[in-house]
Trainee: 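Before I ask anything, here is the structure I am working with.
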Protein chains: 2
Amino acid sequence: MAGRPTLEQVAERAGVSRATVSRVVNGSPTVAPTIKEAVERAIAELGYVPNQAARSLVTQRTDSIALVLSESATRVFSDEAVLPGIVRGVSQELDAADKQLVLMLAGSMASHDRIERYAMSRHVDGVIIASMHGADPLPNSLHRMGIPVLCGGRPLGRSPVPYVEVDNVGGARLAVRHLVQSGRSRIATIGGPQDMVAGIDRLNGYREELRGSSLRSIVAIGDFTRESGAAAMRQLLEDDPQLDAVFVASDLMALGALNALQAAGRRVPDDVALVGFDDIEAARYADPALTTIRQPIVGQGRELARQLLRLAGGEEIAHSVVLPTELVTRASA
Amino acid sequence: MAGRPTLEQVAERAGVSRATVSRVVNGSPTVAPTIKEAVERAIAELGYVPNQAARSLVTQRTDSIALVLSESATRVFSDEAVLPGIVRGVSQELDAADKQLVLMLAGSMASHDRIERYAMSRHVDGVIIASMHGADPLPNSLHRMGIPVLCGGRPLGRSPVPYVEVDNVGGARLAVRHLVQSGRSRIATIGGPQDMVAGIDRLNGYREELRGSSLRSIVAIGDFTRESGAAAMRQLLEDDPQLDAVFVASDLMALGALNALQAAGRRVPDDVALVGFDDIEAARYADPALTTIRQPIVGQGRELARQLLRLAGGEEIAHSVVLPTELVTRASA
DNA sequence: CTGAAAGCGCTTACAG
DNA sequence: CTGAAAGCGCTTACAG
């Protein structure tokens, strides 16, 4: 088959110059209809598809963007329920814009280097970094190199890098307010890891909302896994056997907490009301079904893609976009 | 900053030709140590990173491969538990080989076109297609175009495209054998969708194993979702109220079936033994914990990547690789 | 509206 | 061991 056809061959077949073929391919309006037709026929007959590398070399664009997920994050099962949704949202929006999605799982510091080199090699027009632990230096260093970069979730520490996040603080406040309003008076919380912004903010929301009431805070910390939720719940029961409600910073931890409560002979919601966060599928199937805070997961992915595309296109974008969360009332509270 | 530095600038700074810089960058052994050092210094000082597009244009390689997931598949929650594992496995192996992963969610037939064009534009060195429904024409058409392509899961219908799959038939037989050996005599099954190879093969395995015994088959079909598992279970109880065991073709459907059984007042495993397939996280936390067939998910991803890399490198590879499954015995059977 | 020509940033025979 | 030169397949001012 002598390799795949080139512009040159299409031009020859259509009896025009390469420039003209290029114009047709790129939809330039200044091509005579008859010529356009001839070129299109030649393209179809030859099955011509433009070589992206050649195009990128001259346009300096690749029409693809990288989505970086931290590998350690994908280990947390809670994230496993969230990250696929983000990937799907990003993918949908990118498809619509005819851009490609390059997925990079950042395992270690070593892979940070790989990612930097990759972005620097101009293989992508921009980078979305989702799901960070701690104060990851990657967003800032990419930003410093002049690469369009956007974070999913507010970066810890001061950072000039724009981000899209869900309203963790507001969601937590919603949950606690619901518990207060339903007459609970000893409201504990199981917080997430304090090196992740979702963990930090949901705990802050809890504290902020309690501050408005006369209730005192009762806190245990987990790591977003089911087991850690169960362990934290046992701890809380020891710390305050009289507690009558718990706001748990993730549904998965809430499911663990639910098991621990039932094992301790507490009825949910009669003795202890329980509110989770995330609204994962399993929340609906828990017994009792879990009241929780829903966050727009696919929506966050879409918004990330839209913002990055604008940024890569040279537009000014808001430094932060915060997506609303909502209370989903079920049986557990 | 006048754009990012080029080979040319490195050459000038190091006082050598572009050819020499290129040799150093690509690790050619025929460069004098002193020169090599000078070049490396210049590279470091300038922060030079090769432009991939330029490189690809001449080498005809991109060092990246595409992973295609069907979007409809990601809608099935059962797959949500499986696909991230495959992505992770592929990513691990590709990272080790310093290749990039381009993720494409194939939503519709329209996106099939996009994927073909993308592969044809030589933006990737090969394509892995995971998770197909029906007899998807994509693998064959890519193959016909001369693009290295590999399927996760055996393609339906005759196809020259090589594949990597888990032993669905063998796993199902293992499950049924376990039920037979534990003395069950009315063993039903809930099959998966019959347009997916996992659905078809697991049902075949059930039938094959029963054929060896004197037991008759009792069959209902679901679509791999939890709800469909519950519905199918209700159907089975109606069809044969005396059944004492069920092999369910996915854990998620098995969880639905478990609910339905308990709602119908049957004790598991006392009245009815239950075996699932997949070994997803939730199987371990069911009550009773679910006996199931474990498949190597990340392992399948890794094997896919390894095989595709070989294929793209021009090696001959086996037309099929079948990875073993195993029985994980817990409380439900 | 169309074409000739330069150039994007690399790699790789080919000489020397 | 090193360099000059050709060429990978496109796009885009610049003329006409």
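We name chains A, B, ... by the order of the sequence lines, and we start the count at 1 in each one.
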Trainee: Can you tell me which residue pairs pass the ring pair (Phe, Tyr, Trp, His ring centres under 6.0 Å) test with a partner in residues 302-321 of chain B, sequence neighbours excluded?
Mentor: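 Those involving residues 302-321 of chain B are B:Y163-B:H319.
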Trainee: Contacts to DNA chain C from residues 17-35 of chain B, heavy-atom cutoff under 4.0 Å, which residues?
Mentor: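 Per residue number, the list reads B:R18, B:A19, B:S22, B:R23, B:N26.
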Trainee: Starting at atom NE2 of B:H123, determine the distance to atom P of D:dC10, rounded to an integer number of angstrom.
Mentor: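 Those two atoms, NE2 and P, are 13 Å apart.
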Trainee: Kindly write out the residues that satisfy ring-ring contact (aromatic ring centres under 6.0 Å, His included) with B:H143, not counting sequence neighbours, or none if the list is empty.
Mentor: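 Listed in chain order: nothing, the list is empty.
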Trainee: Figure out the NZ/P separation between B:K36 and D:dC1, and round it to whole Å.
Mentor: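 Distance, rounded to whole Å: 12 Å.
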Trainee: What stem regions, each of at least 3 consecutive Watson-Crick or G-U pairs below 3.5 Å, can be found for DNA chain D?
Mentor: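 In DNA chain D, stems of three or more pairs: C:1-3 with D:14-16, C:5-12 with D:5-12, C:14-16 with D:1-3.
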Trainee: Which pairs with one or both residues in residues 27-43 of chain B pass side-chain hydrogen bond (donor to acceptor under 3.5 Å, both in side chains), sequence neighbours excluded?
Mentor: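 Counting only pairs at least two positions apart or across chains, the side-chain hydrogen bond (donor to acceptor under 3.5 Å, both in side chains) contacts touching residues 27-43 of chain B are B:S28-B:T30.
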Trainee: Would you tabulate the side-chain donor-acceptor contacts of residues 148-158 of chain B under 3.5 Å, counting partners in other chains and residues two or more places apart, or write 'none'?
Mentor:
residue: B:R154; atom: NH2; partner: B:D201; partner atom: OD1; Å: 2.7
residue: B:R154; atom: NH2; partner: B:D201; partner atom: OD2; Å: 2.3

Trainee: Measure the distance from CD on B:E12 to P on D:dG3 and round it to the nearest whole Å.
Mentor: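 To the nearest whole Å, that distance equals 14 Å.
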Trainee: Distance-only check: which donor-acceptor pairs under 3.5 Å involve side-chain atoms of residues 301-312 of chain A, not counting sequence neighbours?
Mentor:
residue: A:R302; atom: NE; partner: A:E93; partner atom: OE1; Å: 2.9
residue: A:R302; atom: NH1; partner: A:Q92; partner atom: OE1; Å: 2.7
residue: A:R302; atom: NH2; partner: A:E93; partner atom: OE1; Å: 3.1
residue: A:E303; atom: OE1; partner: A:R306; partner atom: NE; Å: 3.4
residue: A:E303; atom: OE1; partner: A:R306; partner atom: NH2; Å: 2.8
residue: A:R306; atom: NH1; partner: A:E93; partner atom: OE1; Å: 3.4
residue: A:Q307; atom: OE1; partner: A:R310; partner atom: NH1; Å: 2.3

Trainee: Please name all residues satisfying side-chain hydrogen bond (donor to acceptor under 3.5 Å, both in side chains) with B:S121, sequence neighbours left out, ordered by chain then number.
Mentor: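 Partners of B:S121 by the side-chain hydrogen bond (donor to acceptor under 3.5 Å, both in side chains) criterion come out as none, since no residue qualifies.
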Trainee: In residues 45-63 of chain A, which residues come under 4.0 Å of DNA chain C by heavy atom?
Mentor: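 Those residues are A:L57, A:V58, A:Q60.
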Trainee: Report the residues that fulfil side-chain hydrogen bond (donor to acceptor under 3.5 Å, both in side chains) with B:T20, sequence neighbours left out, ordered by chain and then residue number.
Mentor: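 If we apply the side-chain hydrogen bond (donor to acceptor under 3.5 Å, both in side chains) test to B:T20, skipping adjacent residues, the hits are B:S17.
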Trainee: With sequence neighbours excluded, what pairs up with B:Y48 under the ring-ring contact (aromatic ring centres under 6.0 Å, His included) test?
Mentor: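 Once residues adjacent in sequence are excluded, B:Y48 has no partner under the ring-ring contact (aromatic ring centres under 6.0 Å, His included) criterion.
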Trainee: Kindly check if the number of other-residue, nucleotide or ligand heavy atoms within 6.0 Å of CD (A:E12) is above 12?
Mentor: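 It does not: A:E12 CD has 12 such atoms or fewer within range.
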Trainee: List the residues meeting salt bridge (charged side-chain N to carboxylate O under 4.0 Å, His left out) with A:E45, not counting sequence neighbours, and say none if there are none.
Mentor: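 Partners of A:E45 by the salt bridge (charged side-chain N to carboxylate O under 4.0 Å, His left out) criterion, ordered by chain and then number, come out as A:R13.
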